[in-house]
Amino acid sequence: MITDNDLIWVANLMREAAAAEIMPRFRNLDAGSIQQKTSAIDLVTEADVLAEKIMTAALMAQFPGALVVGEEAYAEKPAILDHLARADLAFVLDPVDGTYNFARGVPLFGVMCAVVEQGTTTGGIIYDPVGQNWLIARRGTGALMRWPDGKTQAIRVAASVPIAEMGGSASWYYLPADLKALVLPNLAAFRTGFGFRCAAHEYWLAATGGCHFVLYAKLNPWDHLAGTLIHQEAGGYHARFDGSAYDCMTRDGGLLAAPDQESWTRIRDQLLSA
């Protein structure tokens with residue numbers, strides 16, 4: 001199994017890749033360095049591609065035989081995802097989560113890596129290149145915030161409160177039309193709602209007690225495997241909209257994370273009920 005030392009090694013790799021390829025390009029991209037993928041809000045930049053290449057090469061050298069599934073590698077070769085559930089050891093990378101923000105000069109983006117062993121997510125790391133710290137979790141051992149000097153602090157999700165006192169994030173723009181028509185007006189029952197356009201920072205806030213829920217419709221594994229494990233190890237609960245489990249091969253059915261199962265049910269019913 002992946003060890004704590006392995007996770008620290010990967011965390012440092014993420015920092016090195018961000019320092020080499022991401023931060024020098026922040027607010028310093030020309031038009032030719034930004035490309036559209038599936039839509040005007042789904043972008044890729046030089047930073048995404050080059051940071052993923054650095055991390056992929058280093059991971060394959062450090063962990064011979066491991067599968068590395070990067071967001072940009074998947075864009076070129078979607079079949080790579082078919083091997084994820086069967087791999088003894090796999091790393092799932094999002095080199096720049098929040099690329100739209102990054103490309104527009106908004107400092108809400110992150111680097112994410114999940115460790116998957118035989119279909120089970122066993123490690124998760126979210127790195128904030130601007131704040132230069134990490135959230136790190138290994139399955140069954142809790143979740144920590146870690147600073148560059150090695151200091152750590154345990155993190156915990158928010159306590160359960162009434163719906164009217166809750167706040168959270170709903171990525172409604174990827175919901176099908178019928179669910180979008182439900183979720184948008186139903187958000188008014190909560191104290192606050194927001195959307196960072198960056199799962200790394202949305203999971204960060206939920207796992208550290210800064211909000212009560214995050215809701216997603218688009219379930220690419222590089223966007224959610226690390227965040228859901230960190231949130232779970234910080235005491236939280238997550239499931240698809242129908243209550244079924246989320247895992248590394250889940251592609252649809254929506255995803256909601258909340259402080260606990262009882263809160264999850266109340267939030268799901270409030271957001272998704274007519």
Passes side-chain contact (heavy atoms from CB on, under 4.5 Å), Trp172 versus Leu179? Steps please. CA-CA 8 Å; Trp172 55 265; Leu179 288 184; over 6 Å; no

Test side-chain contact (heavy atoms from CB on, under 4.5 Å) on Gln118 and Asp88 and set out the steps. CA-CA 5 Å; Gln118 298 179 340; Asp88 288 335; 3.3 Å; yes

Step-by-step side-chain contact (heavy atoms from CB on, under 4.5 Å) determination, Asp252 to Arg240: CA-CA 8 Å; Asp252 55 22; Arg240 299 164 78 193; 2.9 Å; yes

Verify side-chain contact (heavy atoms from CB on, under 4.5 Å) between Leu135 and Thr208, making sure each step is shown before the conclusion. CA-CA 9 Å; Leu135 297 187; Thr208 57; 4.1 Å; yes

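Remark: of the listed residues Trp134, Trp204, Phe109, Trp134 is the sole one forming a ring-ring contact (aromatic ring centres under 6.0 Å, His included) with Tyr127.
Following chains of ILVMFWY side-chain contacts shorter than 4.5 Å, one cannot reach Leu93 starting from Val116, and the two form parts of different hydrophobic clusters. Under the 4.5 Å side-chain heavy-atom criterion for ILVMFWY residues, no single connected hydrophobic cluster contains both Leu215 and Phe194. Hydrophobic clustering of Ile, Leu, Val, Met, Phe, Trp and Tyr side chains at less than 4.5 Å, counting indirect connections, unites Val130 with Ile136. Both Met23 and Ile125 belong to a common hydrophobic cluster when Ile, Leu, Val, Met, Phe, Trp and Tyr are linked at side-chain heavy-atom distances under 4.5 angstrom. Cluster membership check: Leu219 does not share its hydrophobic cluster with Leu229, using side-chain heavy-atom separations under 4.5 Å among Ile, Leu, Val, Met, Phe, Trp and Tyr.
Asn133 contributes atom CG, which lies 5.5 Å from atom CE of Met145 (distance to the nearest 0.5 angstrom). Distance check: His212 NE2 to Glu165 CD gives 8.0 Å after rounding to the nearest 0.5 Å. Distance check: Leu182 CG to Leu187 CG gives 11.0 Å after rounding to the nearest 0.5 Å. The distance from the OG1 atom of Thr99 to the CD atom of Glu71 is 6.0 Å, given to the nearest 0.5 Å. Once rounded to the nearest 0.5 Å, the distance linking CG of Leu67 with CZ of Arg86 reads 10.0 Å. Separating the OG1 atom in Thr141 from the CZ atom in Arg138 is a distance of 4.5 Å, to the nearest 0.5 Å.
Between the side chain of His224 and the main chain of Lys218, a donor-acceptor pair closer than 3.5 Å is present. With Asn220 contributing its side chain and Trp222 its backbone, the two residues share no donor-acceptor pair below 3.5 Å. A donor-acceptor pair is defined here as one N or O able to donate and one able to accept, closer than 3.5 Å; such a pair exists between the side chain of Asn101 and the backbone of Phe196. Under the 3.5 Å distance criterion, the side-chain polar atoms of Glu52 are matched with a main-chain donor or acceptor of Ala73. Side-chain atoms of Arg27 come within 3.5 Å of backbone N or O of Gly105 as a donor-acceptor pair. Remark: the backbone N or O of Gln261 is paired with a side-chain donor or acceptor of Thr265 at under 3.5 angstrom. Panel note: side chain Arg156, backbone Gly209; no donor-acceptor pair is recorded below 3.5 Å. Between the side chain of Thr228 and the main chain of Leu225, a donor-acceptor pair closer than 3.5 Å is present.
The aromatic rings of His238 and Tyr246 sit perpendicular, their planes meeting at an angle over 60°, well past the 30° parallel limit. Below 30°, between 30° and 60°, or above 60°: for Phe190 and Phe213 the angle between ring planes is between 30° and 60°, a tilted geometry. Taking the six-membered ring for Trp and thresholds of 30 and 60 degrees, Phe63 and Phe91 have ring planes inclined between 30 and 60 degrees apart.
Side-chain contact between Glu16 and Ile54: absent, with no pair of heavy atoms (C-beta onward) separated by less than 4.5 Å. The shortest side-chain heavy-atom distance between Asn12 and Arg15 falls under the 4.5 Å cut-off. Contact annotation: the side chain of Thr121 never approaches that of Asp247 to less than 4.5 Å [non-hydrogen atoms, C-beta and beyond]. At least one side-chain heavy atom of Pro221 sits under 4.5 Å from a side-chain heavy atom of Arg251. Taking the side chain as every heavy atom from C-beta outward, Glu262 and Ser160 approach each other to under 4.5 Å. You'll find the side chain of Leu256 stays beyond 4.5 Å of the side chain of Val214, heavy atoms only. Contact check for Pro95 versus Glu21: no side-chain heavy atoms found under the 4.5 Å cut-off. Between Phe102 and Asp97, the closest side-chain pair of non-hydrogen atoms is not below 4.5 Å.
Here the closest heavy-atom approach between residue Ile126 and residue Gly227 is recorded as CD1-CA, 4.2 Å. Residues Val161 and Met166 approach most closely at O-CE, 3.0 Å, considering heavy atoms. Of all heavy-atom pairs spanning Val68 and Leu59, the tightest one is CG2-CB, 4.0 Å. The two residues Lys180 and Tyr173 make their nearest non-hydrogen contact at NZ-O, 3.9 Å. Between Pro162 and Arg266, the closest heavy-atom pair is CA-NH1, 3.9 Å. The heavy-atom pair separating Leu13 from Met55 by the smallest distance is CD2-O, 3.8 Å.
Other residues, nucleotides and ligands contribute at most 12 non-hydrogen atoms within 6.0 Å of the CE atom of Met60.
For Thr3 and Asn5, the side-chain atoms include no donor-acceptor pair closer than 3.5 Å.
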